[in-house]
Protein chains: 2
Amino acid sequence: MNRQILVVEDEAPIREMITFVLEQNGFNAIEAETIEQAQAKIKEPYPDLILLDWMLPGGTGVKLAKSLKQNEYTRSIPIIMLTARADEDDKVKGFDAGIDDYVTKPFSPKELIARIKAVIRRVAPTALEEAIEFHGIKLDPVAHRVSINDKNLDLGPTEFRLLHFFLTHTERVYSREQLLDNVWGTNVYVEDRTVDVHIRRLRKAIAGEGHEDFIQTVRGSGYRFSGKTKDRV
Amino acid sequence: MNRQILVVEDEAPIREMITFVLEQNGFNAIEAETIEQAQAKIKEPYPDLILLDWMLPGGTGVKLAKSLKQNEYTRSIPIIMLTARADEDDKVKGFDAGIDDYVTKPFSPKELIARIKAVIRRVAPTALEEAIEFHGIKLDPVAHRVSINDKNLDLGPTEFRLLHFFLTHTERVYSREQLLDNVWGTNVYVEDRTVDVHIRRLRKAIAGEGHEDFIQTVRGSGYRFSGKTKDRV
DNA sequence: AATTATTGTGACAGTTTCATGACACGGATA
DNA sequence: TATCCGTGTCATGAAACTGTCACAATAATT
């Protein structure tokens, strides 16, 4: 519950003030002065939220936001932009890059905290960090670990994401294309059939533990992850 | 409950922004750049809603909307049009084509989400994704599953669509031609008698569970799916 | 009853779709 | 540099699905 927040802000006094406010409110602050520093710090464990200054040396914050959004792992980290100008134009540019909210400088600590909590509340239900359990399959996104009936299971990155997606989207058919969009990411040019192969690899890994067929083929439509067996509904 | 939304928009940044916003709000986004792409993606599993840009290469969005409204299966998918111009004229054209709502660019994420939820709420009762139950027969379009008295039943794609159509159109006679149009799709040249064969296959699958004849032959006219038996009316 | 029109049924071949193993490429690592 | 691992693609064979036909069965008509 102790959320980690990355503060990307080049002006030291402001950065320190923010950090102070955050920690006063039970958050865990990480600081970064530049885009490069920020990128270096955005890796496991991923921060729960990023406070991003609009004006940064070496490029605008939007640039960073865009690059974060392209990565499967960082895509869902919410971003709050800090901007000096309440300029409408900037807001549009920011939303292009997938900004979740804005705080206009100067801002009060209360406002900042309120916005942060609002964003976290909104994103929390679909947060990547929640551990999942489903019919004996446990997946811990933070530890990046999967076990089936308490027996450890190691998967490649793609299989891990695929399983993660399935575990959070059970009992529903997904076409290959939808799986590509959701697991590989949009704007990735990969053959449809590639999904089959990864399905196979995931199946193999799971089945190794002598289990029912969780991943079901729905001919002509796609695949479905289900706890229900073939006969019983 | 995880709704699928198809975003048809040629400009990548806008499309990605929309996708991002949708996913932040618990929706499942599918992307399409052109009308052709959109049409290719509008098949099972059908999206729950379509966000459609007004200006698209190769024809206006209205064109796509019209064609969707002509097909039995896609007819009830709600459409929200994205338009740059708040032009009154365009709105009229759109409503002709069966548009459910408008969002004028530029729009805020909040507004977009609000409109989507409003439309879904309005349309939900007849939503395609709703599971259907009829005299012990259950069909879940989302999971792509059929059961009869809680016993799983597996059907081929055509039989599934046929049953789906019947379950949503009971107590009424349909000619072979009408069935072809609705289940196979228009512009498909297939022999009338092919319907008979698929009717037979579907009957066999259902009857395997020792059931009354849901599918009734109306000599000279076609078939009818009914809960009433032959003798009782 | 005989004839005709319509529908039921089983078989079949062509096509589509999927599972599977192999393989090559590229990045990371030692 | 050599090696390993993950990944995407392909070839192949198996299985499922589909449309059509021929003929049997049934209903309507004369």
Side-chain angles (χ1 to χ4, degrees), chain A residues 43-44 71-73 144 146 153-165 173-208 213-225 230, chain B residues 40 43-45 144 146 152-165 173-185 187-208 213-225 230-231:
Chain A
K43 54 185 163 192
E44 287 191 65
N71 180 299
E72 169 67 26
Y73 285 98
H144 209 275
V146 184
L153 191 66
D154 63 356
L155 302 172
T158 305
E159 278 69 55
F160 184 87
R161 290 199 307 276
L162 183 58
L163 178 60
H164 188 199
F165 176 78
V173 176
Y174 289 90
S175 66
R176 290 171 176 72
E177 203 148 353
Q178 287 175 318
L179 290 173
L180 284 177
D181 278 359
N182 285 297
V183 177
W184 276 253
T186 26
N187 317 341
V188 181
Y189 103 104
V190 168
E191 290 292 321
D192 273 16
R193 295 257 153 259
T194 297
V195 174
D196 297 31
V197 178
H198 285 276
I199 288 280
R200 150 107 173 106
R201 288 168 182 160
L202 182 54
R203 266 177 176 159
K204 208 168 169 182
I206 296 176
D213 223 5
F214 284 108
I215 304 173
Q216 295 156 8
T217 304
V218 179
R219 195 161 250 265
S221 296
Y223 296 95
R224 170 181 56 209
F225 197 92
K230 253 184 178 172
Chain B
K43 54 187 167 190
E44 282 193 65
H144 207 278
V146 183
N152 208 47
L153 191 67
D154 61 1
L155 303 172
T158 306
E159 278 69 55
F160 186 88
R161 289 199 308 274
L162 184 58
L163 178 59
H164 190 192
F165 176 78
V173 179
Y174 289 92
S175 69
R176 290 172 176 73
E177 201 153 348
Q178 285 175 313
L179 289 172
L180 283 177
D181 279 357
N182 286 302
V183 178
W184 275 253
N187 321 341
V188 182
Y189 113 100
V190 169
E191 290 292 323
D192 274 15
R193 292 301 309 281
T194 297
V195 175
D196 296 32
V197 179
H198 283 277
I199 288 281
R200 150 104 173 109
R201 287 169 182 160
L202 182 54
R203 268 177 175 159
K204 208 167 169 182
I206 296 176
D213 218 5
F214 285 107
I215 304 173
Q216 295 159 5
T217 305
V218 180
R219 196 161 245 268
S221 299
Y223 296 94
R224 172 179 53 209
F225 198 92
K230 254 183 180 174
D231 308 312

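Heavy atoms only: backbone and side chains are in, while hydrogens, waters and symmetry mates are out. A, B, ... follow the sequence lines: proteins, then strands. Residue 1 opens every chain.
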Enquirer: What's the spacing between A/H198 NE2 and A/T158 OG1 if we round to 0.5 Å?
Expert: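 OG1 of A/T158 is found 5.0 Å from NE2 of A/H198.
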
Enquirer: If I take atom CD in residue B/Q216 and atom P in nucleotide C/dT7, what distance separates them, rounded to the nearest angstrom?
Expert: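 Those two atoms, CD and P, are 15 Å apart.
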
Enquirer: Without decimals, in angstroms, what is the distance between A/K204 NZ and D/dG6 P?
Expert: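 Those two atoms, NZ and P, are 13 Å apart.
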
Enquirer: Rounded to whole angstrom units, what separation is found between the CG atom of B/L179 and the C1' atom of D/dT18?
Expert: 17 Å

Enquirer: How would you summarise protein contacts on nucleotides 14-20 of chain C per nucleotide, using B for base, S for sugar-phosphate only and - for none, with heavy-atom distances below 4.0 Å?
Expert: ---BSSS

Enquirer: Measure from the side-chain N and O atoms of A/R224 to the backbone N and O of A/V218, and report whether any donor-acceptor pair falls under 3.5 Å.
Expert: no

Enquirer: How long is the line joining CG of B/D192 and P of D/dC21, in whole Å?
Expert: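 Spelled out: CG on B/D192 to P on D/dC21 is 12 Å.
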
Enquirer: Please confirm whether the shortest side-chain N or O distance from A/W184 to OP1 or OP2 of D/dT7 is below 4.0 Å.
Expert: no

Enquirer: What nucleotide among D/dT20, D/dT9, D/dG6 has an atom nearest to a side-chain atom of A/P157?
Expert: D/dG6

Enquirer: Within less than 4.0 Å of OP1 or OP2 of D/dG8, is there a side-chain N or O belonging to A/H198?
Expert: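 So the side chain of A/H198 is within the cut-off, an N or O lying under 4.0 Å from OP1 or OP2 of D/dG8.
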
Enquirer: Looking at residues at least two apart in the chain, or sitting in another chain, which of them share a side chain to side chain donor-acceptor pair (under 3.5 Å) with A/R176?
Expert: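 Scan of A/R176 (side chain to side chain donor-acceptor pair (under 3.5 Å), adjacent residues dropped) gives A/D196, A/Y223.
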
Enquirer: How long is the line joining CG of B/L202 and C1' of C/dG8, in whole Å?
Expert: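 Rounding to the nearest Å, CG of B/L202 and C1' of C/dG8 are 15 Å apart.
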
Enquirer: Between B/I199 and B/L162, does the side-chain contact (heavy atoms from CB on, under 4.5 Å) criterion hold? Intermediate values first, please.
Expert: CA-CA 8 Å; B/I199 288 281; B/L162 184 58; 4.2 Å; yes

Enquirer: Rounded to whole Å, how long is the line connecting atom CD of A/E191 with atom C1' of C/dC23?
Expert: 16 Å

Enquirer: Would you say the side chain of A/R201 and the base of D/dG6 hold a donor-acceptor pair, judged only by whether the two atoms sit under 3.5 Å apart?
Expert: no

Enquirer: Does a side-chain N or O from A/T194 land closer than 4.0 Å to OP1 or OP2 of D/dT9, or not?
Expert: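 It does, given that an N or O in the side chain of A/T194 lies less than 4.0 Å from OP1 or OP2 of D/dT9.
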
